[in-house]
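Notes to accompany the following structure.
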Amino acid sequence: MLKDFVKAFRPDDAQVREAVKDEQLRLAANQMKIKEAKLPVMVVFEGWSAAGKGEVIGRVIKEMDPRFYRVTTLSKPTETDLRYPFLRRFLMEIPEGGKFTFFDQYWMKDTTEEAASGEITGADYKRRIDSINRAERSLHDNGYLVMKFFLQIDRKEQKKRLKALQEDENTAWRVTETDLRQNRHYDEYLDIYDRYLEDTNRSVAPWYIIDSSNKRWAALQILRFLNQGISTALQNQAYAAPILQNTFRLEPIPKLSEISLKNKTIEQAEYKKELDKLQAQLRELHYELYRKKIPVIICYEGWDAAGKGGNIKRITSALDPRGFEVQPIASPEPHEKARHFLWRFWTRLPKTGHITIFDRTWYGRVMVERIEGFCSENDWQRAYNEINEFEKELNDWGAVIIKFWVQIDNQTQLERFNERQNTPEKRWKITDEDWRNREKWPQYEVAVDEMLSKTNTSFAPWHILESVDKKYARIKALKIVIDELQKACDRKKS
């Protein structure tokens with residue numbers, strides 16, 4: 001793209017100055033339309049060092065209401081950032097509906113710098129590009145407007161600007177060795193940038209190459225594209241995103257009605273013996289996980305009163321409290337609901353060597369949100385593939401993903417509800433919503449069957465915990481967790 005770039009005709013300075021003012025006011029008006037439509041907007045600025053990103057951003061936002069936008073600079077990742085999946089620190093910064101975030105660099109910078117240094121090549125580079133393209137497509141499909149601008153200057157202009165920055169004591173600090181190396185090896189970086197732009201230029205998030213030889217002219221080009229993009233996005237807001245075909249291998253799994261709950265019991269004495277033994281094994285494995293920096297994500301879904309809480313407690317009792325966290329997931333808060341539905345889970349992931357246990361998960365999208373009408377049919381139909389992509393991203397990062405469905409029958413649930421209702425110290429566990437959900441058991445069973453069949457991937461399979469006897473389910477869960485963690489430890493050297 002860069003090698004084929006042809007500069008647009010530039011009007012004279014007076015015309016550019018007047019046009020910039022007009023477009024700035026138009027953007028300010030569009031900002032209010034964005035706010036009203038609750039459309040989230042991401043504007044990404046990339047480009048050569050000294051191309052003028054900061055000054056151009058300043059011109060673009062000049063007439064906007066600062067209450068409804070944010071400018072974010074994503075600099076070099078910290079040591080903590082590196083203990084999480086690559087996409088996480090970028091996705092954490094996405095805006096709420098109705099607001100703008102202007103990014104001074106996004107995931108292009110890290111990727112191209114790693115490509116230039118040889119840290120990421122071949123299959124790893126392709127996986128990174130696939131991750132970025134999937135993320136941008138998913139943002140678009142969930143209502144985000146993603147606009148990406150690359151500020152282009154030639155080698156001679158870059159060298160002149162870098163020299164001017166170095167000669168001013170107030171700006172000399174801004175010039176890094178990386179900037180100077182980029183200019184010395186301009187043609188090599190041109191190849192890297194050109195490849196990246198080609199690889200990530202998709203209709204849902206296309207690249208706009210901006211002639212940045214003059215910064216006011218660069219701002220005008222961006223303002224025009226941005227205003228045009230906003231107008232188009234507002235017109236297309238009612239259109240549903242396509243439902244994509246799953247591309248991941250799915251394993252067969254029985255329907256809930258086919259799962260036998262008979263004879264899935266364990267005697268108290270055997271339970272106590274097994275529990276002590278398995279918790280001791282898990283305790284030792286936890287230390288090995290930490291040493292080998294393996295992240296673990298354990299997901300619990302299941303019927304109300306199925307015994308998720310007690311099951312989780314038997315696992316956490318064996319863990320070092322400094323190395324795990326339990327995330328109870330309820331209805332999304334307003335600031336969570338205003339973002340991509342997976343955002344609140346990206347922010348809760350464990351870092352390497354740690355364990356996060358989710359008491360209910362992102363699968364609420366295809367269960368409660370589906371049945372209660374909290375999202376559109378298009379939203380929950382798309383979510384199966386988006387969830388598989390999310391879990392594949394975590395798997396490729398190196399996470400162990402263990403997903404449990406805690407299964408009981410209708411009668412067992414009724415007995416447990418009544419026990420909670422009639423026992424004062426347990427009454428807090430039962431709500432009117434639990435009783436309402438119980439009336440929708442058939443609808444939930446259909447939804448769960450579809451969920452299990454469409455997300456039972458080879459890299460993140462479901463495990464069914466028969467929990468009419470809670471003790472049996474606890475022992476089974478511990479055995480599965482130990483088995484999966486042991487396999488992960490055996491695969492990874494210290």
Side-chain angles (χ1 to χ4, degrees), residues 34 37-42 84-85 87-99 101 131-146 204-205 233 236-244 246 248 297 299-301 327-350 356-395 397 399 401 403 405 433 437 443-444 447-448 450-452 454-455 457 460 462:
I34 287 293
K38 293 183 170 58
L39 180 72
V41 182
M42 298 172 60
Y84 289 98
L87 296 179
R88 178 181 176 271
R89 74 185 185 103
F90 302 99
L91 292 175
M92 286 181 68
E93 302 295 333
I94 63 175
E96 298 179 33
K99 295 184 180 181
T101 298
S131 295
I132 290 169
N133 283 334
R134 283 196 297 262
E136 291 181 352
R137 190 220 70 239
S138 184
L139 287 165
H140 170 271
D141 289 353
N142 282 269
Y144 280 74
L145 172 59
V146 183
V204 295
N236 294 339
Q237 201 172 16
Y239 291 107
I243 308 297
L244 300 181
N246 173 66
F248 302 107
I297 299 165
C299 306
Y300 277 86
E301 292 286 358
Q327 294 285 354
I329 302 300
S331 299
E333 298 292 333
H335 72 282
E336 296 171 331
K337 193 173 181 180
R339 290 180 170 89
H340 190 296
F341 80 98
L342 289 173
W343 178 82
R344 63 183 179 138
F345 302 105
W346 277 105
T347 63
R348 289 170 162 87
L349 294 176
T356 295
I357 301 174
F358 287 94
D359 180 6
R360 299 208 181 278
T361 69
W362 40 92
Y363 285 99
R365 188 69 156 187
V366 295
M367 290 191 294
V368 63
E369 291 185 39
R370 164 185 175 171
I371 291 170
E372 302 299 335
F374 296 152
C375 66
S376 70
E377 181 175 351
N378 181 267
D379 286 335
W380 63 258
Q381 288 280 12
R382 283 197 333 272
Y384 297 115
N385 187 61
E386 291 171 339
I387 287 170
N388 287 341
E389 289 177 338
F390 173 56
E391 292 176 353
K392 184 64 166 63
E393 192 69 33
L394 300 180
N395 173 261
W397 167 52
I401 306 168
K403 301 186 304 193
W405 174 263
E433 185 179 352
N437 289 342
Q443 296 99 303
Y444 272 96
V448 173
E450 187 171 0
M451 174 191 79
L452 295 175
K454 289 186 174 181
T455 60
T457 58
W462 282 98

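Not measured: the values here are computed from a predicted model. Atoms considered below: every heavy atom in the structure, side chains included; atoms not considered: hydrogens, waters and symmetry mates.
T356 has its side chain out of reach of L349: every pair of non-hydrogen atoms, C-beta onward, lies at least 4.5 Å apart. The shortest distance between side-chain heavy atoms of T101 and V41 does not fall below 4.5 Å. No side-chain heavy atom of P40 sits under 4.5 Å from any side-chain heavy atom of L145. For the pair T361 and E301, the minimum side-chain heavy-atom distance is below 4.5 Å. A 4.5 Å side-chain heavy-atom check between F358 and Y363 finds every atom pair outside the cut-off. A 4.5 Å side-chain heavy-atom check between L244 and R137 finds at least one atom pair inside the cut-off. Side chains of F341 and I387 form a contact here, defined as non-hydrogen atoms less than 4.5 Å apart.
Salt bridge present: R348 and E336 bring a charged side-chain N and a carboxylate O closer than 4.0 Å. Between K403 and E391 there is a salt bridge, since a side-chain N of the basic residue sits under 4.0 Å from a carboxylate O of the acidic one. Electrostatic pairing of E377 and R382 does not count as a salt bridge here, judged by no charged N lying under 4.0 Å from a carboxylate O. Residues K337 and E369 are not paired through a salt bridge, judged by the lack of any N-O separation under 4.0 Å between the basic side chain and the carboxylate.
Of all heavy-atom pairs spanning N388 and K454, the tightest one is ND2-O, 3.1 Å. Of all heavy-atom pairs spanning S331 and R344, the tightest one is C-NH1, 4.0 Å. The two atoms that bring T347 and R88 nearest to each other are O-NH2, 3.9 Å, heavy atoms only. Here the closest non-hydrogen pair linking R365 and W380 is O-CB, 3.5 Å. Taking every heavy atom of both residues into account, N385 and N246 meet most closely at OD1-CA, 3.7 Å. Smallest separation of non-hydrogen atoms from W362 and I297: CH2-CG2, 4.0 Å.
Listed for the T455 side chain is a donor-acceptor partner under 3.5 Å among the backbone atoms of M451. No side-chain donor-acceptor contact under 3.5 Å links N395 to the backbone of K392. Side-chain N or O atoms of Q237 include one that pairs as donor or acceptor with a backbone N or O of A37 at under 3.5 Å. Checking side-chain atoms of Y144 against main-chain N and O of P95 turns up a donor-acceptor pair under 3.5 Å.
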Evaluate K99 against I34 for side chain to side chain contact (heavy atoms under 4.5 Å, CB included), listing each step before the verdict.
CA-CA 7 Å; K99 295 184 180 181; I34 287 293; over 6 Å; no
Going through the checks in order, is the side chain to side chain contact (heavy atoms under 4.5 Å, CB included) test met by I329 and D359?
CA-CA 6 Å; I329 302 300; D359 180 6; over 6 Å; no
Would H335 and W343 count as a side chain to side chain contact (heavy atoms under 4.5 Å, CB included) here? Give the steps.
CA-CA 10 Å; H335 72 282; W343 178 82; 3.9 Å; yes
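For an aromatic pair to be called close, the ring centres must be under 6.0 Å apart, and F390 with W346 satisfies this.
Here the CD-CZ distance, from Q381 to R370, works out to 7.0 Å after rounding to the nearest 0.5 Å. Taken from NE2 in H340 to OG in S138, the straight-line distance is 3.0 Å, to the nearest 0.5 Å. Distance check, rounded to the nearest 0.5 Å: CD of E393 to CG of L342 gives 11.5 Å. Taking CD of E386 as the start and CG of N142 as the end, the distance is 4.5 Å to the nearest 0.5 Å. Taken to the nearest 0.5 Å, the CH2 atom of W405 stands 13.0 Å off from the SG atom of C299.
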